[in-house]
Student: 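Have a look at this one before I ask anything.
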Amino acid sequence: MSKKILIADDEQNIVISLEFLMKREGYAVSIANDGEEAVAMIRSEQPDLVLLDVMMPKKSGFEVCQEVKSDPRLQGVRILMLTAKGRDTEVAKGLALGADGYMTKPFSTKELVERVRNMLAAA
């Protein structure tokens, strides 16, 4: 069965390219356009991995991460944070909240696919 990936990002051009990329790799993909929608979809779909943008409307990626990681039923959900903010403090904050990985935009698609593959293999 193919792994489920939730893309949580409010920038359509990024969503479109991530969706194309992940589907090409054979993953089942769903999309959330803001933080609240992301939390609701993570709860209902329990994806294997969430590609989570930090800067989103309604709830930030940090808030989504914290909420997911503090819910015992969602322990298996891996989170890869994607952000334009690559400062060490941002990275540390994301990882401290329980993110499983962190990538700074712009990233190479090859690198992203490898990270996703590795994170799902470890799951």
Side-chain angles (χ1 to χ4, degrees):
M1 200 176 101
S2 65
K3 299 271 189 186
K4 286 192 291 191
I5 293 181
L6 173 66
I7 298 168
D9 201 315
D10 60 325
E11 290 179 55
Q12 277 318 110
N13 54 345
I14 289 176
V15 168
I16 290 164
S17 59
L18 287 176
E19 182 181 19
F20 171 78
L21 202 60
M22 294 300 126
K23 283 185 171 171
R24 196 182 67 192
E25 290 296 312
Y27 300 117
V29 177
S30 46
I31 289 156
N33 295 303
D34 64 57
E36 281 180 8
E37 191 182 355
V39 170
M41 289 178 77
I42 291 165
R43 288 217 158 93
S44 65
E45 297 184 14
Q46 301 217 346
D48 298 288
L49 176 69
V50 181
L51 296 177
L52 182 61
D53 184 31
V54 171
M55 305 296 288
M56 278 191 301
K58 298 189 183 166
K59 269 188 182 159
S60 74
F62 291 134
E63 291 170 297
V64 172
C65 183
Q66 192 169 18
E67 215 168 305
V68 169
K69 292 300 183 173
S70 64
D71 186 333
R73 293 170 309 143
L74 303 175
Q75 291 301 302
V77 177
R78 298 213 175 276
I79 294 180
L80 178 58
M81 298 198 89
L82 306 175
T83 181
K85 295 183 172 178
R87 297 197 318 266
D88 293 346
T89 51
E90 299 280 331
V91 174
K93 182 176 178 183
L95 296 175
L97 290 174
D100 299 286
Y102 210 99
M103 286 187 82
T104 310
K105 296 175 187 172
F107 41 76
S108 88
T109 51
K110 187 170 169 273
E111 192 184 344
L112 177 68
V113 167
E114 269 172 38
R115 284 292 288 280
V116 167
R117 216 180 269 142
N118 292 340
M119 286 174 80
L120 288 173

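We're numbering straight along the sequence, starting at 1.
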Student: Measure from the side-chain N and O atoms of E63 to the backbone N and O of K59, and report whether any donor-acceptor pair falls under 3.5 Å.
Tutor: no

Student: Under a 4.0 Å N-O cut-off, is there an ion pair linking E111 with R115?
Tutor: no

Student: Is a salt bridge present between K3 and E25, judged by a nitrogen-to-oxygen distance below 4.0 Å?
Tutor: no

Student: Donor-acceptor pair, K69 side chain versus V77 backbone, under 3.5 Å?
Tutor: yes

Student: Identify the two heavy atoms, one from L52 and one from G61, that lie closest to each other, and give their separation to 0.1 Å.
Tutor: CD2-O, 3.2 Å

Student: If you compare all heavy atoms of V64 against all heavy atoms of A38, which two are closest, and at what distance to 0.1 Å?
Tutor: CG1-CB, 4.3 Å

Student: Look only at the side chain of K93 and the backbone of F62, and say whether a donor-acceptor pair between them is shorter than 3.5 Å.
Tutor: no

Student: With sequence neighbours left out, which residue pairs that include part of residues 8-18 fulfil the side-chain hydrogen bond (donor to acceptor under 3.5 Å, both in side chains) condition?
Tutor: D9-K105

Student: Below 4.5 Å, heavy atoms only, C-beta onward: do M81 and L97 meet side chain to side chain?
Tutor: no

Student: More than 12 non-hydrogen atoms from neighbouring residues, nucleotides or ligands closer than 6.0 Å to CE on M55, yes or no?
Tutor: no

Student: Check whether Q46 reaches the backbone of I42 with its side chain - one donor and one acceptor, N or O, closer than 3.5 Å.
Tutor: no

Student: Checking L18 against L82 for the side chain to side chain contact (heavy atoms under 4.5 Å, CB included) test, could you report, in this order, the C-alpha distance in whole Å, the side-chain angles of both residues, the deciding distance, and whether it holds?
Tutor: CA-CA 11 Å; L18 287 176; L82 306 175; 3.8 Å; yes

Student: What I'd like to find out is whether the side chain of S30 reaches to under 4.5 Å of the side chain of L6, using heavy atoms alone.
Tutor: yes

Student: Does one hydrophobic cluster hold both L112 and I16, with members joined at side-chain heavy-atom distances below 4.5 Å?
Tutor: no

Student: Please report the interatomic distance CG(L120) to CG(D100), rounded to the nearest 0.5 Å.
Tutor: 10.0 Å

Student: Do T83 and E90 get their side chains close enough for a donor-acceptor pair, meaning under 3.5 Å?
Tutor: no

